[in-house]
Amino acid sequence: MTLANGKYAGNAVLNKTYVADCLSKKVKRNDGKARPMYFVENNHPAIIDPATFGRAQEELARRTGKRKVKQKGTKTEQGRYSSKYALTELLVCGECGTPYRRCTWTVKGEKKPVWRCINRLDFGKKYCHHSPTMEESVLQEAVMSAIMRTAKQSADVLDTLKLHIGMGLKNDDGEDNRLDIQIRMAEIDAEFKAMLQAIATDTVEDFDEQRATALMAEKSSLEQQLAQYDNAQ
């Protein structure tokens with residue numbers, strides 16, 4: 001699942017594929033020409049609120065729209081946006097305002113990743129005189145410390161943090177159904193909540209205990225599937 005997937009916001013696109021031949025049952029991807037496609041809003045309970053999803057799309061558009069830049073010292077032209085390292089474009093020199101670049105030093109036969117100002121790397125002290133070299137391990141500890149302080153602010157912040165970390169660490173090998181599982185769990189919670197609210201207007205005898213038991217059993221099974229994904233990760 002990519003960040004551009006509308007399922008996170010509760011939306012869905014129908015008829016993305018179709019059976020071209022009922023005998024061979026061959027499935028083809030629908031390009032919108034052979035058969036119509038439909039966009040359905042609020043198709044299922046949203047996992048991410050629309051405002052957050054919209055900001056994610058804006059950031060994706062910003063990264064995609066960046067022009068290609070050939071930097072001195074690089075073997076090939078970099079793409080519009082490189083997400084290979086988490087601190088790319090985020091670590092900036094306090095003296096000249098130039099972004100930092102990750103490089104590897106070899107000290108006594110051991111390799112050590114560090115971040116340095118691009119101006120210092122490419123032009124020495126011509127434009128930037130006092131920018132420090134930052135060891136990656138020190139930066140990682142500072143980032144983790146900031147994340148932990150933020151996570152302790154509230155349970156909502158912690159839940160959001162866990163969701164984004166899970167999305168970032170998702171294993172792309174094979175099919176990952178965690179998003180569909182979370183959507184189904186949200187649907188179960190919504191249905192069970194509606195059943196409880198109905199007791200206020202109807203009699204307790206009208207409460208469908210068999211249906212409620214089946215919903216809780218299904219949710220428990222889905223939670224076990226999510227736990228298996230986490231253990232595999």
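What you see below is based on every heavy atom in this structure, not just the backbone, and it leaves out hydrogens, waters and symmetry mates.
Put simply, the side chain of N119 never gets that close to the backbone of G124: no donor and acceptor are under 3.5 Å apart. Panel note: side chain T213, backbone E209; a donor-acceptor pair is recorded below 3.5 Å. In this structure, E95 contributes its side chain and C128 its backbone to no donor-acceptor pair below 3.5 Å. A donor-acceptor distance shorter than 3.5 angstrom exists from the side chain of R120 to the backbone of H129, with no hydrogens or angles considered. Of the possible donor and acceptor atoms, none in the side chain of E59 sits under 3.5 Å from a partner among the backbone N and O of R55.
Using a 4.5 Å cut-off on side-chain heavy atoms (C-beta onward), Y100 and P132 make contact. Within the 4.5 Å cutoff, the side chain of T98 has no heavy atoms near those of the Y127 side chain. Counting heavy atoms from C-beta outward, R29 and K16 have side chains that stay 4.5 Å or more apart. Side-chain contact between D208 and M195 is present, with at least one heavy-atom pair separated by less than 4.5 Å.
If you chain together hydrophobic residues whose side chains sit under 4.5 Å apart, V138 and V143 never meet in one group. In the hydrophobic clustering of this structure, L215 groups with L222; members are Ile, Leu, Val, Met, Phe, Trp, Tyr whose side-chain heavy atoms approach within less than 4.5 Å, directly or through other members. Under the 4.5 Å side-chain heavy-atom criterion for ILVMFWY residues, no single connected hydrophobic cluster contains both L90 and M144.
Using a 4.0 Å cut-off between charged side-chain N and carboxylate O, E187 and R184 make a salt bridge.
How far CG of N30 is from CG of L14: 11.0 Å, rounded to the nearest 0.5 Å. Summarising the geometry, atom SG belonging to C103 is positioned 10.0 Å from atom CD belonging to E136; distances are rounded to the nearest 0.5 Å. With values rounded to the nearest 0.5 angstrom, M185 atom CE is found 10.0 Å from E218 atom CD. Between the CZ atom of F53 and the CD atom of E58 there is a distance of 11.5 Å, given to the nearest 0.5 Å. Atoms SG and CZ, on C93 and R101 in that order, are 13.0 Å from each other to the nearest 0.5 Å. I118 CD1 to S131 OG: the interatomic distance, rounded to the nearest 0.5 Å, is 11.0 Å.
By the side chain to side chain donor-acceptor pair (under 3.5 Å) test, S145 is found to be paired with R149, residues two or more places apart in sequence or in another chain being considered.
Between I188 and M216, the shortest heavy-atom contact is CG2-CE, 4.1 Å. Of all heavy-atom pairs spanning A212 and F192, the tightest one is CB-CE1, 3.7 Å. The nearest pair of heavy atoms linking V114 to E135 is CG1-CA, 4.2 Å. Listed here is the closest heavy atom pair of R116 and W105: CD-CZ2, 3.5 Å.
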